[in-house]
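Here the structure comes first, spelled out in structure tokens, and everything after it is commentary.
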Amino acid sequence: MLSIKYIRENIDLVKESAKNKNSDVNLDEIVKLDENRREIIKEADDHKAKRNVVSQAIAQKKRNGENSDQEISDMRMVSDKIKELDGDLKIIEEKLHSCLLYVPNVIHPSVPIGFDESDNVTIREWGELPEYSFGLQDHLEIGENLKLFDFKRASKISGSGFPLYTGIGAKLERSLINYMLDLHTEKHGYTELFPPFLTNRDATQTTGQLPKFAEDMYHIPADDLFCISTAEVPVTNIHKDETLLEDDLPKKYSAYSACFRREAGSYGKETRGLLRVHQFNKVEMVKFVKPEESYEELEKLLVDAEEVLQSLNLHYRVRALASGDLSFAAAKCFDIEVWAPGMQKYLEVSSCSNFQDFQARRGNIRYRRKSDNKVDFVHTLNGSGVATPRLMIALLETYQQDDGSVIIPKVLQPYLKADILLP
RNA sequence: GGAGAGGUGGCAGAGUUGGUUGAAUGCGACGGCCUCGAAAGUCGUUGUUUCGUUUUGGCGGAACCAAGGGUUCGAAUCUCUUCCUCUCCGCCA
């Protein structure tokens, strides 16, 4: 979240940013609450100062064996007043805090202003659009012919949107995960984590999924735990309430997790196959960095994610998200979209975002600066590296052959222990 | 699930007849001295948040000893609730 002080001092910028993110948050109300809050603090503090002074005097008198009944009865009234003011203050601060949780992060100056995804800007493309001399199948047909998935049986188990990978399909899924984790940990220098898949309310709030997007999360009421929608949630919270050392930054983590999304409100859209599912697998990268380096680190994060697709030789493009398409917590975001020849579509497989200190403030994740020995919030970044369902789609559709087989790219072969999928 | 112990500053660790305890002591960190330099030694400094004021350096106030209530003129210290950690037992993988 943004600090009230920052909002107070940059109210026009914050309003402009919220507007460009299509947010209807009421900032005037927040400013008013803040003014009210500071008035009460001033009054309560004055009373408390008086109480502290007189309490000392009472202590002194008691030590001297003098009577202090007068002071005590005076202070009883002051104390009542303090209680009243503190009560008022608490109500206002709770209200202010819950309002602040809905203020979106400010956008970086480099973000293209626009209403929705149609205003996103392609900043580069990689590889060639593959060409084929035969009729293409989409991933559903390929998967059926090669017996890679079984959506029908999956729906008996959990309902639609929960994929069941079978046989070599299951192994291919696992191979993709292992390959990506190895790439990021062995080549890109990320520390591997295997995090919990359920998170508590507090941790889920750090990254911004709560309170605004509660509808999209699977929730377990008995324990008030949430199924993670991305490994970003547990991994970002690894340093919650910690003060890191500047020399330890940047900290880079990579983690596999299953991801759970209710996809509320998107019924009927892209419901077939692997395109939009309630549970999927993803390898995520998370970085904790110094504020002055976060945009440089964002570029590097993007490159690390791109290498997954490059090494698999899959055509893709990188898009800079327009303000209106930017997520609530992000200051800037790039999407990577891989080409799926069978569907003739670009599919989003990764979002690489800089949250600046938005999440760090919510999670109280700080570092001690060497230059002045002060503590400050770190910047957090994360990016998918990458999500498997759409990667699987692109892979199958790109490497399909006219006999129905699918060639396996070189880097995956040691993991799958096969170089081709045959019908 | 049952029984017990505990949660204090960057870390370790004092502090229960409530009253100059924001908090001893040690370590760490920073600065000075010493040294060719370093170590050792020695002297000093060293939390966060927030409100007000300001010639922006500061000055003054308030709050913070897991979290939230209660008692009291006054609570790290008494009391209640919750959370978390550890040990033992039981159950399950």
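Since the structure is predicted, the reported quantities are computational estimates derived from the model, not experimental observations. Order of the sequence lines sets the chain letters (A, B, ...), proteins ahead of strands, with each chain counted from 1.
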Q: Let me see the working for A:Asp419 and A:Gln413 under side chain to side chain donor-acceptor pair (under 3.5 Å), right down to the final yes or no.
A: CA-CA 5 Å; A:Asp419 55 11; A:Gln413 290 174 10; 5.2 Å; no
**Q.** Pair A:Asp202 + A:Lys240, salt bridge at N-O below 4.0 Å
**A.** yes
Q) Should B:C59 form a Watson-Crick or G-U wobble pair with both distances under 3.5 Å, which nucleotide is its partner? A) B:G52
Q. What residues in residues 43-54 of chain A put a non-hydrogen atom under 4.0 Å from any atom of RNA chain B?
A. A:Asp45, A:Lys48, A:Ala49, A:Arg51, A:Asn52
Q | Integer-rounded Å distance: B:U72 C1' and A:Glu71 CD | A | 16 Å
Q. Paired with B:U42: which nucleotide, if any, by Watson-Crick or G-U wobble criteria at under 3.5 Å for both distances?
A. B:G32
**Q.** Listed nucleotide nearest any side-chain atom of A:Lys90, set B:U48, B:G69, B:G74
**A.** B:G69
Q. Is there a Watson-Crick or G-U wobble partner for B:G1 with both distances under 3.5 Å, and if so, which one is it?
A. B:C89
Q. Using a cut-off of 4.0 Å on non-hydrogen atoms, how would the nucleic acid contact of A:Ile41 be classed: base, sugar-phosphate, or nothing?
A. sugar-phosphate
(Q) Suppose you measure atom C1' in B:G4 against the same atom in B:G90; what distance do you get, rounded to whole Å? (A) 15 Å
(Q) If I take atom NZ in residue A:Lys81 and atom P in nucleotide B:U72, what distance separates them, rounded to the nearest angstrom? (A) 20 Å
Q. A:Arg201 near the nucleic acid: base, sugar-phosphate alone, or nothing, with a heavy-atom cut-off under 4.0 Å?
A. nothing
**Q.** Between P of B:U49 and NZ of A:Lys5, the distance in whole Å
**A.** 9 Å
Q.
Taking only the P atom of each, what is the distance from B:G69 to B:A76 in whole angstrom?
A. 15 Å
Q: Select from A:Arg366 and A:Arg76 the residue whose nearest nucleotide in RNA chain B is closer to the 5' end of that strand.
A: A:Arg366
(Q) Can you tell me if A:Arg38 touches the phosphate of B:G52, counting only side-chain N or O atoms and a distance under 4.0 Å to OP1 or OP2? (A) yes
Q: Might you confirm whether atom NZ of A:Lys50 has over 12 heavy atoms from other residues, nucleotides or ligands at distances under 6.0 Å?
A: no
(Q) Less than 6.0 angstrom separating the ring centers of A:Phe355 and A:His379, yes or no? (A) no
Q) Tell me: CG of A:Asp69 to P of B:U72, nearest whole Å? A) 16 Å
Q.
Is the phosphate of B:C51 approached by A:Arg37 (side-chain N or O, under 4.0 Å from OP1 or OP2)?
A. yes
**Q.** Under 3.5 Å side-chain donor-acceptor pair for A:Glu337 and A:Tyr316
**A.** no
Q: Specify the separation, in whole Å, of atom CD of A:Glu93 and atom P of B:A63.
A: 14 Å
Q. In whole angstroms, how far is the P atom of B:G70 from the CG atom of A:Asp80?
A. 12 Å
(Q) Considering every strand and a 4.0 Å limit on heavy-atom distances, what is the contact class for A:Lys62: base, sugar-phosphate, or nothing? (A) base
Q.
If I pick the P atom on B:A39 and the same atom on B:C27, what distance separates them, to the nearest angstrom?
A. 16 Å
**Q.** 4.5 Å side-chain heavy-atom contact, A:Lys251 and A:Lys287
**A.** no
Q. Using the C1' atom in both, what is the distance from B:C73 to B:A14, to the nearest Å?
A. 29 Å
Q.
Is it true that A:Tyr415 and A:Asp182 share a donor-acceptor pair across their side chains at a distance under 3.5 Å?
A. yes
(Q) The side chain of A:Ser79 is closest to which nucleotide in this list: B:U20, B:C73, B:G52? (A) B:C73
Q) Does NZ in A:Lys95 sit with more than 12 non-hydrogen atoms of other residues, nucleotides or ligands closer than 6.0 Å? A) no
Q | Watson-Crick or G-U wobble partner of B:U77, both distances under 3.5 Å | A | none
(Q) Aromatic contact between A:Phe288 and A:His239, with the criterion being ring centroids under 6.0 Å apart: yes or no? (A) yes
Q: Take atom NZ of A:Lys61 and atom P of B:G74, then tell me their distance rounded to the nearest Å.
A: 17 Å
(Q) In this structure, is the centre-to-centre distance between the rings of A:Phe328 and A:Phe358 below 6.0 Å? (A) yes
(Q) Suppose you measure atom P in B:G6 against the same atom in B:G13; what distance do you get, rounded to whole Å? (A) 14 Å
(Q) When the P atoms of B:C78 and B:U42 are compared, how many Å lie between them, rounded to an integer? (A) 38 Å
(Q) My understanding is that a pair needs two contacts under 3.5 Å, Watson-Crick or G-U wobble. By that rule, which nucleotide pairs with B:C65? (A) none
Q. Considering only the C1' atoms, how many Å lie between B:U53 and B:C65, rounded to the nearest integer?
A. 30 Å
Q: Hey, which sits more toward the 5' end of RNA chain B by its nearest nucleotide, A:Lys83 or A:Gln60?
A: A:Gln60
Q) Reckon A:Arg8 touches a base, only the sugar-phosphate, or nothing at all at heavy-atom distances under 4.0 Å? A) sugar-phosphate
Q: Could you give the distance separating B:A63 and B:U20 at their P atoms, to the nearest angstrom?
A: 14 Å
Q) What does B:G26 pair with, Watson-Crick or G-U, if both distances are under 3.5 Å? A) B:C11
Q | Whole-Å gap separating P (B:C64) and CG (A:Asn364) | A | 18 Å
